[in-house]
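Sequence positions, counted from 1, serve as the residue numbers for this chain. Side chains included, hydrogens not; waters and symmetry mates left out as well; all remaining heavy atoms used.
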Amino acid sequence: MLGPVILAASRSDRMRRLISAAPVTRPVVDRFIPGESVDQVVPIIQDLAGRGLELTMDVVGEDVTTPEQASVARDAYLELIDRLKGLDLGTRAEMSVKLSMFGQALPGGHEIALANVRPVVEAAAAIGTTVTLDAEDHTTLDSMFAIHEELRKDFPETGCVIQAYLFRTEADARRLAANGSRVRLVKGAYKEPAEVAYQQKPEIDKAYVRVLRILMEGDGYPMVGSHDPRLISIAQELGRRAGRKPDEYEFQMLYGIRSDEHLRLAAEGHRMRVYTAYGTDWYGYFMRRLAEKPANLLFFARSILTKD
């Protein structure tokens, strides 16, 4: 399987240098990451919103090793929120955050991450939008869920992400669906051991459907994070069976992948949110996108082979 190999490369400084220096890398990265600054992505936000799509914005970067770097990450999101305020999009443009960027891995990281993410959630609420806490590797999840629960005391619309490939996720879904959370379900993009996660695609797909059924039948707001046509169809059917209207759940897909499908779902009346990342520290994000889907790797390979 290529996925684990690519995930290992995502943590390699040597591979980071090689891929970053490759002449063809930048045009390929641009497919997934449309800019490095707020100024560059504002026109993208306006264009997607003008097409009837919604967005969740991610400032990429996870290698935070000091409290000062965590503060920089916080301030980058506050800058984004300041710019979103002038666009007046409300919840049509929300934010996704990784708590690793906010200092979660530092000594005392749980408290540091909570202290850094709270002002971002507060600022988002002040302009009428929300924040979703992204899931990372399984060792970070108890902290993430605890921070999510704490934030929801004052900001109940704060969302979180669960990953279908983890054995724990069905129980997490039942708990979250019961208390009305906004929950994004994804397959999972980290290399996890067999002791905690399904390893084969058929098992992961089956788990995804089981968890999605729990969310659709629950009291929360499901966010379907998938590009898989079969899973999208299943989500629509599960939504119908649960008596949900098209605007009572949403689909989420990555910027640059299946863009025609984004527009098709929006045209059918579904809420379709595009996960749009930007920033200079794009390497880890880019490599996980390659690992998630073989077609992404083939796209990259074709770009290398056909480069003049």
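Linking Ile, Leu, Val, Met, Phe, Trp and Tyr whenever their side-chain heavy atoms come within less than 4.5 Å leaves Met101 and Val186 in two separate clusters. At a threshold of 4.5 Å between side-chain heavy atoms, the hydrophobic network of Ile, Leu, Val, Met, Phe, Trp and Tyr places Leu141 and Val131 in one connected group.
Ion pair Asp134/Lys98 flagged as a salt bridge, since at least one NZ, NE, NH1 or NH2 atom sits closer than 4.0 Å to an Asp/Glu carboxylate oxygen. We find that Lys191 and Asp137 are not joined by a salt bridge, their nearest charged nitrogen and carboxylate oxygen being 4.0 Å or further apart. A salt bridge links Arg168 with Asp142; the closest basic N to acidic carboxylate O contact falls under 4.0 Å. With salt bridges taken as basic N to acidic carboxylate O contacts below 4.0 Å, none links Arg264 and Asp260. For Asp82 and Lys85, the salt-bridge test fails: no basic side-chain N is under 4.0 Å from an acidic carboxylate O. A salt bridge is defined here as a Lys NZ or Arg NE, NH1 or NH2 lying under 4.0 Å from an Asp or Glu carboxylate O, and Lys245 with Glu248 fails to meet this definition.
In terms of modelled atom types and a separation under 3.5 Å, the side chain of Glu261 and the main chain of Asp228 share no donor-acceptor contact. Remark: the backbone N or O of Gly256 is not paired with any side-chain donor or acceptor of His262 at under 3.5 angstrom. The backbone N or O of Pro67 lies less than 3.5 Å from a partner atom in the side chain of Ser71, making a donor-acceptor pair. Remark: the backbone N or O of Met223 is not paired with any side-chain donor or acceptor of Arg184 at under 3.5 angstrom. Under the 3.5 Å distance criterion, the side-chain polar atoms of Gln40 are matched with a main-chain donor or acceptor of Glu36. Not one N or O on the side chain of Tyr275 forms a donor-acceptor pair closer than 3.5 Å with the backbone of Gly225.
Residues Pro34 and Ala277 approach most closely at CD-O, 3.1 Å, considering heavy atoms. Taking every heavy atom of both residues into account, Ala266 and Gly52 meet most closely at CB-O, 3.8 Å.
The line from CZ of Arg83 to CG of Leu78 is 14.5 Å long, rounded to the nearest 0.5 Å. Note that OH of Tyr190 and OG1 of Thr139 are 10.5 Å apart. Values are rounded to the nearest 0.5 Å. Met253 CE to Leu53 CG: the interatomic distance, rounded to the nearest 0.5 Å, is 10.5 Å. Within the model, atoms OG1 of Thr158 and NZ of Lys153 stand 12.5 Å from one another, a figure rounded to the nearest 0.5 Å. Between the CD atom in Glu170 and the CZ atom in Arg175 there is a gap of 14.0 Å [rounded to 0.5 Å].
Less than 6.0 angstrom separates the ring centroid of Phe167 from the ring centroid of Tyr198. Ring to ring, His270 and Tyr249 are close: their centroids are under 6.0 angstrom apart.
Asn116 and Tyr77 form no side-chain donor-acceptor contact under 3.5 Å, judged by distance and modelled atom types alone. Between the side chains of Arg92 and Thr129, not a single donor N or O lies within less than 3.5 Å of an accepting N or O. Side-chain contact of Glu94 with Thr132: a donor-acceptor pair under 3.5 Å is present, judged by distance alone. Checked by atom type, the side-chain pair His138/Gln163 shows no donor-acceptor distance below 3.5 Å. For Ser181 and Arg152, the side-chain atoms include at least one donor-acceptor pair closer than 3.5 Å. A donor-acceptor contact closer than 3.5 angstrom is absent between the side chains of Ser37 and Asp39.
Residues Val64 and Ser100 have side chains not in contact (no heavy-atom distance under 4.5 Å, counting atoms from C-beta outward). With a 4.5 Å cut-off on side-chain heavy atoms, Val274 and Glu54 do not count as touching. Here the side chains of Asp154 and Arg118 are in contact, with some heavy-atom distance below 4.5 Å. Using a 4.5 Å cut-off on side-chain heavy atoms (C-beta onward), Tyr278 and Val60 make no contact. The side-chain heavy atoms of Leu212 and Leu231, taken from C-beta on, include no pair separated by under 4.5 Å. A heavy-atom distance below 4.5 Å is found between the side chains of Ile162 and Leu215. Counting heavy atoms from C-beta on, the side chains of Leu114 and Phe102 never come closer than 4.5 Å. Taking 4.5 Å as the limit, some side-chain heavy atom of Glu122 sits within range of a side-chain heavy atom of Phe155.
Other residues, nucleotides and ligands contribute more than 12 heavy atoms inside 6.0 Å of the CD atom of Gln69.
A cation-pi geometry, defined here as NZ or CZ lying under 6.0 Å from the six-membered ring centre and within 45° of its normal, does not hold between Arg244 and Tyr221.
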